[in-house]
There are 2 protein chains.
Amino acid sequence: MLELRLVQGTLLKKVLEAIKDLVTDANFDCSTSGFSLQAMDSSHVALVALLLRSDGFEHFRCDRALSMGMNLNHVSKLLKCASNDDIITIKADDDADTVTFMFESPRQDKIADFEMKLMDIKSEHLGIPEAEYQSIVKMPSQEFARICKDLSSIGDTAFSVVISVTKEGVKFSTRGDIGSANIVCRQNSTVDKPEDATTIQMKEPVSLTFALRYMNSFTKATPLSSSVSISMSSDLPVVVEYKIAEMGYLRYYLAPKIEDDEEQS
Amino acid sequence: MLELRLVQGTLLKKVLEAIKDLVTDANFDCSTSGFSLQAMDSSHVALVALLLRSDGFEHFRCDRALSMGMNLNHVSKLLKCASNDDIITIKADDDADTVTFMFESPRQDKIADFEMKLMDIKSEHLGIPEAEYQSIVKMPSQEFARICKDLSSIGDTAFSVVISVTKEGVKFSTRGDIGSANIVCRQNSTVDKPEDATTIQMKEPVSLTFALRYMNSFTKATPLSSSVSISMSSDLPVVVEYKIAEMGYLRYYLAPKIEDDEEQS
DNA sequence: CTTGTGCGGA
DNA sequence: TCCGCACAAG
């Protein structure tokens, strides 16, 4: 028996918007510690990892660990039937092949439930080692999204972005059909709100190249958090992390391009 | 001679948006009592009935009853040329085969008139008996529209919706490609505004099945009224009614599906 | 946050 | 033509 009650149902809606373009089918794993998902994108290049800790739910019951395979487009469609202020409850029996999403309006005058068949999905749960990163950039998530969008418009999403971190700041560079572009963000903690700050924790300067189109996909998570952190080390996948308030995180992992080829499909 | 002056021209625009998808050609009937229309949809399954009482017009002159056949798409196109705050006047001579729509801007600084040919349309005016309904649900029209839209998104519009009324509330159910859905709305009169209330007048519980795509078409009338009433009895067509303030109503009639087949083209 | 509107894409 | 998305207003 599994029963998860999430008062901020809109979080779940945003999570699905943030991953459904990258991953079509995935297992949601539920255990006493929380609700999580780990999946490669369909071209097996990027990895998405979601964690919603059990203590972030208003009610969290999970008698035994369950892995529930779902088509994320279907889940997204169901969640579109929930209003942003609805309370969402996810229910499943231990041996059932279906899951039920229940949406309650705040005043309890409308209750909707949707039952969906589960799928069998080959699990590929990878252990992701905790690493020390040479540089960690934290910046407003909207600013990061804007940069990725702007750089994409210069060339097209088939191009690469070079992210270079020095003590002074972080530089995003690309080269495209029209020309080349460099956007530099400097450290900046003298800001009204802490989430507007751009901070850089740098042990060593680092400069890595990534496929821009993945970065753009990652920014679908922007509504989840006002800031994003980008953790980089040479020869390690970059981690783009959006914290989910009081509950966990949504992380994207992407391996750097080894050479400095600018184009790649 | 016929001359109808409607200060709230936007009403007429909304009416046409609400019926033109269902009905392509229809007779507008004008008599001293008002301006009305009754027509079957093109597949002869649903019936649309409009009434705009003469006292709702600023000026209403109708020397003798007239039935004016029009292509509703053409009328809709003409009305798109009127601004929402324009005053609309409909004119026709008794023996003419044309009708004129005149649009005046509120400050009288712009006057447009459009003449359109009338058509001969075989009239099929049905007497609709006043019936006692086992259950009448009144709810916010936007909520009803949202429910129909959500249920359609689960399967597709080819599916059916089961509407069941009990004392506690009204339940809308469907079953689709992705899964099954139930949405329950409870009675709820402790609301700030009366039009936000959901009320149920129930003599007997009733449960009927309808083609979802027609329900969805009916919700095109949502802009006409903040609330909708759904009147049901076993073996009678459901009546979905949108009141038009101070003037009349727009009603849709739809026969229930006899069997419980879920799919139907 | 919801609603209405304008725009672009399918 | 219709639908979904993005923007702006209440």
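In what follows, every chain begins at residue 1, and chains take the letters A, B, ... in the order their sequences are listed.
We find that A/Glu3 and A/Lys91 are not joined by a salt bridge, their nearest charged nitrogen and carboxylate oxygen being 4.0 Å or further apart.
Rounded to an integer number of Å, the gap from B/Lys13 NZ to C/dT5 P is 11 Å. One interatomic measurement links the two molecules: NZ of A/Lys220 to C1' of D/dG4, which rounds to 14 Å at whole-angstrom precision. Rounded to an integer number of Å, the gap from B/Leu72 CG to D/dT1 C1' is 17 Å. Protein atom CG of B/Asn216 is 20 Å distant from nucleotide atom P of D/dT1, rounded to whole Å. In this structure, the CG atom of A/Asp86 is 13 Å from the P atom of C/dC1, given to the nearest Å. Rounded to an integer number of Å, the gap from B/Asp150 CG to D/dG4 P is 11 Å. Protein atom CG of A/Asp85 is 9 Å distant from nucleotide atom P of C/dC1, rounded to whole Å. We find that CG of B/Asn84 is positioned 7 Å from P of C/dT5, with the value rounded to whole Å.
The distance between the ring centers of A/Phe35 and A/Phe60 does not fall below 6.0 angstrom. The distance between the ring centers of B/Phe144 and B/Phe218 does not fall below 6.0 angstrom.
Each of A/Leu37, A/Leu52, A/Leu50, A/Val240 was checked for a side-chain contact (heavy atoms from CB on, under 4.5 Å) with A/Leu250, and the lone residue meeting it is A/Leu50.
The local environment of CD in B/Glu143 is crowded, with over 12 non-hydrogen atoms from other residues, nucleotides or ligands closer than 6.0 Å.
For B/Gln142, the listed nucleotide lying nearest its side chain is C/dG4; candidates were D/dT1, C/dT2, C/dG4.
Comparing B/Lys77 and B/Lys149, the nucleotide of DNA chain D nearest to each residue sits closer to the 5' end for B/Lys77.
B/Asp21 comes within 4.0 angstrom of sugar-phosphate atoms only, judged by non-hydrogen atoms across all strands, and of no base.
Of the N and O atoms on the side chains of B/Lys257 and B/Ser160, at least one donor lies less than 3.5 Å from an acceptor on the other residue.
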Under 4.0 Å protein heavy-atom contact, by nucleotide of nucleotides 5-10 of chain D - B base, S sugar-phosphate only: ------

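The closest donor-acceptor contact from the side chain of A/Ser76 to the backbone of A/Leu72 lies at 3.5 Å or more, if one exists at all.
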